[in-house]
Amino acid sequence: MTRIAVAGAAGRMGKTIIEVIHETAGVELGAAIEVQGSSLIGADAGEAAGVGKLGVAISDDIARVAADFDVLIDFTVPQATMKNIDKCREHGKAIVIGTTGLSDGEKQTIREAGASIGVVLAPNMSAGVNLTFKLLEMAARAVGEDADIEIIEAHHREKKDAPSGTSLRMGEIVAEQLGRDLKECAIYGREGITGPRDKNTIGFETIRAGDIVGEHTVMFALNGERIEISHKASSRKTFASGAVRAAQWVQSRGAGAFDMQDVLGLR
């Protein structure tokens with residue numbers, strides 16, 4: 001049995017993860033964490049998530065509940081995630097991180113934590129998205145040099161970062177296959193008289209509207225034809241299910257820095 005703690009337990013994603021844990025065999029909710037000052041501290045995490053009483057009180061201190069879980073799932077914000085990974089290292093707990101908006105330095109710090117604990121870091125935990133990553137590698141190798149490449153993503157109005165972590169990872173994958181540096185070739189939106197398109201650029205378009213869960217399309221546009229590789233999520237449960245699967249996987253792996261490609265055996 002894998003005992004899972006959920007950071008941001010009272011948030012939209014946290015509640016969904018608790019729901020998936022409740023529905024999944026072989027795992028149980030061991031702890032639920034929220035920020036200090038939350039009105040839900042002390043409340044039953046299952047009741048807060050709408051799945052009924054689970055007997056797990058929401059806490060504001062990982063150290064206080066460290067004995068109650070094996071793996072922490074964190075879909076919060078960068079500042080909280082960096083504090084949580086320090087706590088996990090201190091107490092020898094594995095961590096699964098789906099937080100987006102992390103800086104390159106923060107990502108490096110997280111990977112370095114893999115020297116002492118199991119870490120799974122991925123901008124998207126969906127099995128379908130991670131399969132899409134593999135398809136992008138193939139497409140980039142086959143037609144990328146001859147194509148104009150555009151990445152279009154759409155999310156709900158409440159999403160704080162843009163472009164999404166998933167779309168950035170898609171851009172990184174394509175750029176890596178083509179021997180390019182995404183920091184040098186990315187174009188984030190266009191306005192005014194931009195002139196002809198530079199063939200070596202990778203364009204990003206961002207949509208924030210309504211309650212869109214998550215949609216990503218990578219377009220390889222050639223003369224006479226266009227290839228589009230798309231993924232559309234209709235429920236946050238797809239991300240939560242992937243995170244729970246990653247938690248079960250990393251518990252038995254010991255120390256190391258991993259991503260969902262490792263979890264799904266796609267390497």
Side-chain angles (χ1 to χ4, degrees), residues 3-21 29-46 48-49 56-126 155-166 168-169 208 214 236 239-240 242-244 246-247 250-251 257-260:
R3 302 174 304 159
I4 299 174
V6 178
R12 189 182 321 192
M13 195 65 205
K15 291 177 181 178
T16 304
I17 294 169
I18 291 171
E19 182 181 356
V20 170
I21 291 170
L29 183 67
I33 316 296
E34 258 302 334
V35 295
Q36 291 184 349
S38 169
S39 62
L40 287 174
I41 300 300
D44 187 279
V56 176
I58 297 176
S59 173
D60 61 2
D61 186 358
I62 289 178
R64 192 177 300 147
V65 295
D68 299 329
F69 71 92
D70 307 303
V71 185
L72 176 70
I73 297 178
D74 187 329
F75 279 70
T76 57
V77 296
Q79 183 180 11
T81 296
M82 300 314 293
K83 292 179 180 178
N84 290 341
I85 200 161
D86 284 342
K87 292 286 188 181
C88 285
R89 292 177 72 175
E90 180 182 346
H91 295 281
K93 304 296 180 178
I95 186 168
V96 173
I97 299 172
T99 301
T100 58
L102 294 161
S103 69
D104 289 344
E106 287 167 337
K107 291 176 186 176
Q108 183 59 31
T109 298
I110 290 168
R111 294 188 190 101
E112 289 171 358
S116 57
I117 60 172
V119 177
V120 177
L121 170 64
N124 195 305
M125 300 285 174
S126 157
H155 285 84
H156 55 88
R157 64 168 70 92
E158 303 297 332
K159 186 168 176 60
K160 295 180 174 64
D161 57 310
S164 71
T166 300
L168 290 171
R169 182 60 192 141
R208 295 289 177 267
R236 285 180 184 81
F239 313 126
V244 170
V250 77
Q251 183 192 5
F258 310 101
D259 62 18
M260 283 302 289

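Values below: all heavy atoms of this structure, side chains included; hydrogens, waters and symmetry mates excluded. Throughout, residue positions are numbered sequentially from 1 according to the sequence presented. Computed from a predicted model, the values in this text were never measured in an experiment.
- A side-chain contact (heavy atoms from CB on, under 4.5 Å) with Thr99 holds for exactly one of Asp161, Ile85, Thr76; it is Thr76.
- Summarising the geometry, atom CD1 belonging to Ile33 is positioned 8.5 Å from atom CD1 belonging to Ile41; distances are rounded to the nearest 0.5 Å.
- Residue Pro78 comes nearest to Gly101 through the heavy atom pair CG-O, 3.6 Å, listed as atom of the first residue, atom of the second, then distance.
- Here the straight-line distance linking atom CD1 of Ile21 with atom OG1 of Thr16 works out to 11.0 Å at 0.5 Å rounding.
- Closest non-hydrogen pair, Val20 versus Ala240, comes out as CG2-CB, 3.7 Å.
- Here the closest heavy-atom approach between residue Gly11 and residue Glu34 is recorded as N-OE2, 3.7 Å.
- When side chains are defined from C-beta on, Glu112 counts as touching Gln108, because their heavy atoms get closer than 4.5 Å.
- Two residues are said to be in side-chain contact when any heavy atoms from C-beta on lie closer than 4.5 Å; Met13 and Ile17 meet this criterion.
- Residues Met125 and Val96 meet the side-chain proximity criterion, which asks for heavy atoms closer than 4.5 Å.
- The closest donor-acceptor contact from the side chain of Asp74 to the backbone of Ile97 lies at 3.5 Å or more, if one exists at all.
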(message) Let's go through Asp259 and Leu121 carefully: what are the C-alpha distance in whole Å and the side-chain angles of both, what is the deciding distance for side-chain contact (heavy atoms from CB on, under 4.5 Å) to 0.1 Å, and is it a yes or a no?
(response) CA-CA 5 Å; Asp259 62 18; Leu121 170 64; 5.8 Å; no
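- Considering all non-hydrogen atoms of both residues, Leu40 and Ala10 come closest at CD1-CB, 3.4 Å.
- Without hydrogens or angle criteria, Arg111 side chain to Val119 main chain gives no donor-acceptor distance under 3.5 Å.
- Of the inter-residue distances, the one linking Asp68 atom CG with Leu29 atom CG reads 10.0 Å to the nearest 0.5 angstrom.
- Note: Asp70 CG to Ile95 CD1 = 13.5 Å, rounded to the nearest 0.5 Å.
- The structure places NZ of Lys160 at 9.5 Å from OG1 of Thr100, a figure rounded to the nearest 0.5 Å.
- Using a distance-only test at 3.5 Å, with no hydrogens or angles considered, a donor-acceptor pair links the side chain of Lys93 to the main chain of Ala66.
- The local environment of CD in Gln79 is sparse, with at most 12 non-hydrogen atoms from other residues, nucleotides or ligands closer than 6.0 Å.
- Counting only heavy atoms from C-beta outward, the side chains of Arg169 and Asn124 never approach each other to under 4.5 Å.
- Nearest heavy atoms, Val71 versus Ala247: CG2-O, 3.7 Å.
- Considering only heavy atoms from C-beta on, Arg208 comes within 4.5 Å of His155 through its side chain.
- The two residues Cys88 and Leu72 come nearest to each other via the heavy atoms SG-CD2, 3.7 Å.
- When side chains are defined from C-beta on, Phe69 counts as touching Ile62, because their heavy atoms get closer than 4.5 Å.
- For the pair Met82/Ile110, a side-chain contact is recorded, criterion being any heavy-atom separation below 4.5 Å from C-beta on.
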